[in-house]
Amino acid sequence: MTADPHSGFVVAAYLVALAVIAGMIVATLADYASLKKRLERLAARTGRGFDAGPK
Amino acid sequence: MRTMPNYANPADFLRLVRAAAPVTATITAILFGIGLYLALLDSPPDYQQGETVRIMYLHVPSAWMAMFVYVVMSSAALGTLVWRHPLADATQKAAAPLGAAFTFLCLVTGSLWGKPEWGTWWVWDARLTSVFVLFLIYLGIIALWQVIEDPGKAARLVAVFTLVGAVNIPIIKFSVDWWNTLHQSASVFRMGGPTIAMSMLWPLIFMTFAFTFLFLTLHMLAIRNEILRRRIRRLSMLAASASEAGIPAIFAEPAQ
Amino acid sequence: MKQSGVPLPSALGALLLRDLRIGRRVGGAASMGVLFFLCLVAITPFAIGPDLALLARIGPAILWIAALLATLLGLDRLFQADAEDGSLDLFLMSDTPLELIVLVKCLAHWLLTGLPLVIASPFFGLLLGLDARALEGVAASLFVGTPALTLIGAIGAALTVSLRRGGLLLAILILPLSIPILIFGVAAASGAMAFLMPFLVLCGLTLAALALTPFAAALALRNGLE
Amino acid sequence: MQIEASALSVERGGRVVFADLGFRLKAGEALRVTGPNGAGKSTLLKAVAGLLPLAAGKIEIAPSCDVRRAELCHYVGHADALKPSLTACENLAFLAALLATGAARPGAAAIEAALQRLGLAAVADLPAAYLSAGQKRRAALARLAAVFRPIWLLDEPLTALDPPSQAVILEIMAAHLAAGGIIIVATHTALPIGTADLALGRASGP
């Protein structure tokens with residue numbers, strides 16, 4: 001990448017893209033983790049084993 | 001004898017996700033690897049815009065995803081209204097935040113791409129403005145999801161709004177274009193121009209597929225989250241009514 | 001709440017905690033104010049045209065009017081929700097003065113609606129082509145002005161608590177009262193040289209609202225009981 | 001502790017709900033207010049709670065103290081004062097903090113004990129929206145156990161409750177009376193605890 005005066009904008013664009021995509025991935029996985037935890041706590045309380053899905 | 005897996009049934013769908021998610025995730029990674037390599041290293045800078053054309057490889061795919069996700073959401077909305085299937089509800093709700101994220105990415109990359117030429121971060125260019133209105137519609141849909149407690153009712157109401165939105169998007173697109181030409185704004189900015197050199201086409205194709213597979217993977221995982229969220233809500237209500245009736249909640253619960 | 005025997009927060013602390021919690025949970029309207037603010041700002045260029053030079057000149061006014069409407073139209077449920085489920089009666093029976101309860105509810109509303117507006121205004125200002133200095137002016141004036149809007153709006157909310165469609169009436173009642181705040185707010189936001197004078201007057205208005213409106217709102221609530 | 005109302009009359013919306021009403025309750029005594037719907041049972045309770053202005057007459061508490069009458073009373077009306085998105089525990093914790101008087105700030109333990117007493121321990125951390133009508137009613141009544149106030153004003157506390165829950169409520173009421181408290185309860189059902197009766201007929205029109 002030649003030292004184009006505007007290459008700063010390219011870098012910024014790719015950083016934003018990385019942030020947004022990483023944000024989406026992390027949010028989805030974190031949501032899954034908390035849901036699984038709540039589900040296990042609830043399933044334990046209602047006395048019913050429950051397959052909360054993989055991972 | 002295991003019956004044909006009926007992916008409309010949430011339990012079967014969870015098994016599908018457990019199998020398919022890793023596969024699509026690796027495909028996404030591979031596509032991103034190739035796409036980024038082509039986009040950043042292996043393609044020439046544009047003779048006019050120079051390096052900033054590389055932002056196109058993010059901007060155009062995310063614009064395409066913004067529309068694609070809305071189409072997915074609209075078809076899920078039809079699924080909700082016509083077949084009233086909880087999986088369609090989950091599909092619809094899972095798609096909204098992802099669509100909003102892609103639209104936001106499209107707007108930001110568009111602004112970054114135009115900044116060198118416009119001198120400001122935002123210009124009411126016809127296409128960017130239409131994407132901006134689409135972003136407002138996405139935010140409205142997410143807000144509507146958050147306000148209605150009962151998941152079934154929420155899904156049906158949001159489905160109606162999504163379809164109404166779908167009908168209005170072309171109208172908005174047309175009127176924004178006309179509005180833009182009416183007030184012939186100072187800088188008419190051509191987004192990427194009609195003809196793209198072959199060498200620029202390949203990175204664009206790979207990046208677009210990479211984005212699409214990223215969405216498919218995240219969408220599956222998000223649908224699974226919605227299924228679990230609904231199950232938690234139902235179990236909580238069962239727990240409440242069970243203790244009301246004074247009997248411990250040990251009865252089997254159909255895996256609906 | 002699972003603290004071990006530690007006494008609960010004071011009534012006002014508990015009220016603030018409760019309102020913030022309700023606002024953020026499903027069904028809460030925390031992000032509505034910002035979205036309404038964004039929509040108002042977004043539609044203006046469609047009416048005026050995409051010319052950034054023109055938009056930049058009237059940008060502060062657009063942002064202020066949008067903030068004013070977003071705040072007022074978000075206030076009608078401030079007391080109505082409590083009146084409907086019976087909490088309002090209990091507010092009156094608490095040893096904590098009603099005026100302080102009104103103040104805490106306004107603080108909770110401002111944290112959920114006003115503050116996000118202030119944080120978002122610089123970004124939305126970009127849509128109107130505002131330069132950095134104008135963005136600062138708008139953010140500063142909104143930061144000082146929106147509390148006054150919430151406080152004065154609370155009087156309207158208290159007056160219309162028992163009405164079915166109180167939302168619009170609240171705006172009709174309170175818009176005239178918020179004209180001074182609007183005048184000095186926009187003046188501070190767009191004033192190139194004279195930023196300080198309107199800004200200080202705006203601070204004065206807000207402090208006056210802080211001191212007086214709780215009494216008016218509490219009076220309205222007490223007299224509105226049926 | 002004694003509360004006395006004399007020549008009481010209250011108007012709502014220009015209509016005289018009841019006029020020239022009087023009663024006197026000493027510590028440990030209860031008053032059952034009966035009468036057809038619209039006879040003013042709720043209005044009387046609200047008037048005693050200080051939520052409604054009195055058209056005529058007065059309500060006095062002896063020994064007189066500078067605390068507002070409202071701060072000495074618990075009022076449980078038809079509405080449960082529960083926020084659907086908050087859990088039963090969060091709702092009660094807020095109401096306890098709101099209604100606690102003087103230095104006696106109830107701790108989290110008192111909240112759990114109150115929920116336990118009303119049989120709501122299992123659903124304490126579920127959103128109130130998921131609770132049944134009976135559970136919501138018990139959650140509303142739980143504030144009686146969580147925070148002490150001498151005078152209880154209960155508007156049909158036993159409706160929507162099943163017999164075992166009604167027994168718990170009556171137990172709590174009896175305990176309050178035994179501890180020297182005063183209860184005014186509007187209800188249609190007979191109460192096993194000894195109460196004076198006050199029948200509100202159709203008020204003679206203005």
Side-chain angles (χ1 to χ4, degrees), chain A, chain B residues 11 14-15 17-19 21 25 32 36 39-41 45 49-55 57-59 62 94 97-98 101-102 104-105 108-117 211 214-215 217-219 221-222 224-229 231-232 235-236 238-239 242 248-253 255:
Chain A
M1 289 232 289
T2 59
D4 181 303
H6 300 306
S7 59
F9 293 106
V10 178
V11 170
Y14 278 81
L15 284 180
V16 166
L18 180 66
V20 169
I21 291 173
M24 285 200 285
I25 295 170
V26 165
T28 310
L29 294 181
D31 190 21
Y32 175 70
S34 81
L35 285 168
K36 211 154 76 79
K37 192 161 54 67
R38 277 169 57 196
L39 199 59
E40 270 142 21
R41 198 153 40 86
L42 251 176
R45 182 214 306 236
T46 53
R48 225 162 53 54
F50 184 74
D51 160 31
K55 278 213 272 294
Chain B
L14 290 183
R15 270 186 293 283
V17 170
R18 190 186 310 161
F32 263 116
L36 287 174
L40 293 178
L41 305 174
Q49 300 163 7
E51 290 302 325
T52 55
V53 77
R54 296 188 194 285
I55 299 179
Y57 303 130
L58 287 176
H59 180 67
S62 44
L98 299 176
F102 281 121
F104 173 75
L105 183 58
V108 170
T109 49
S111 163
L112 283 170
W113 191 3
K115 175 75 165 82
E117 185 182 342
F211 270 63
L214 172 71
F215 167 69
T217 314
L218 287 179
H219 195 204
L221 297 177
R224 180 177 59 187
N225 289 353
E226 290 309 320
I227 292 174
L228 295 188
R229 208 186 312 276
R231 222 157 253 179
I232 287 175
L235 275 181
S236 305
L238 285 180
I250 49 162
F251 42 82
E253 193 250 342

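The chains referred to below are lettered A, B, ... by the order of the sequence lines, with proteins before strands, and numbering in each begins at 1.
Only the side chain of Val20(A) comes within contact range of chain B, judged by heavy atoms closer than 4.5 Å. Only the side chain of Leu36(B) comes within less than 4.5 Å of a heavy atom of chain A; its backbone N, CA, C and O stay farther away. Contacts of Ser62(B) with chain A are absent, with no heavy-atom separation under 4.5 Å from either backbone or side chain. Using a 4.5 Å cut-off between heavy atoms, Phe32(B) contacts chain A through its side chain alone, with no backbone atom that close. For chain A, the nearby part of Leu214(B) is the side chain; its heavy atoms alone come within less than 4.5 Å.
Across Ala222(B) and Thr28(A), no two heavy atoms sit closer than the pair N-CG2, 3.9 Å. Across every non-hydrogen atom of Leu35(A) and Ile232(B), the tightest pair is O-CD1, 3.4 Å.
Interface check for chain A: of the options Thr109(B), Leu98(B), Leu105(B), the most heavy-atom pairs under 4.5 Å are formed by Leu105(B).
More than 12 heavy atoms of other shown residues, nucleotides or ligands fall within 6.0 angstrom of atom CZ in Phe9(A).
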Checklist entry - Could you go step by step and tell me if Leu228(B) and Tyr32(A) meet the side-chain contact (heavy atoms from CB on, under 4.5 Å) rule? => result CA-CA 8 Å; Leu228(B) 295 188; Tyr32(A) 175 70; 3.5 Å; yes
Item to check | CA sep, side-chain torsions, deciding dist, call: Leu42(A), Arg231(B), side-chain contact (heavy atoms from CB on, under 4.5 Å) | outcome: CA-CA 10 Å; Leu42(A) 251 176; Arg231(B) 222 157 253 179; over 6 Å; no
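To the nearest 0.5 Å, the span separating CE on Met24(A) from OG1 on Thr217(B) amounts to 10.5 Å. If you take NZ on Lys36(A) and CZ on Arg224(B), they are separated by 9.0 Å, rounding to the nearest 0.5 Å.
The one candidate from Leu112(B), Ile55(B), Val53(B), Leu58(B) that meets the side-chain contact (heavy atoms from CB on, under 4.5 Å) condition with Val10(A) is Ile55(B).
Under the ring pair (Phe, Tyr, Trp, His ring centres under 6.0 Å) criterion, Tyr14(A) pairs with no residue, sequence neighbours left out.
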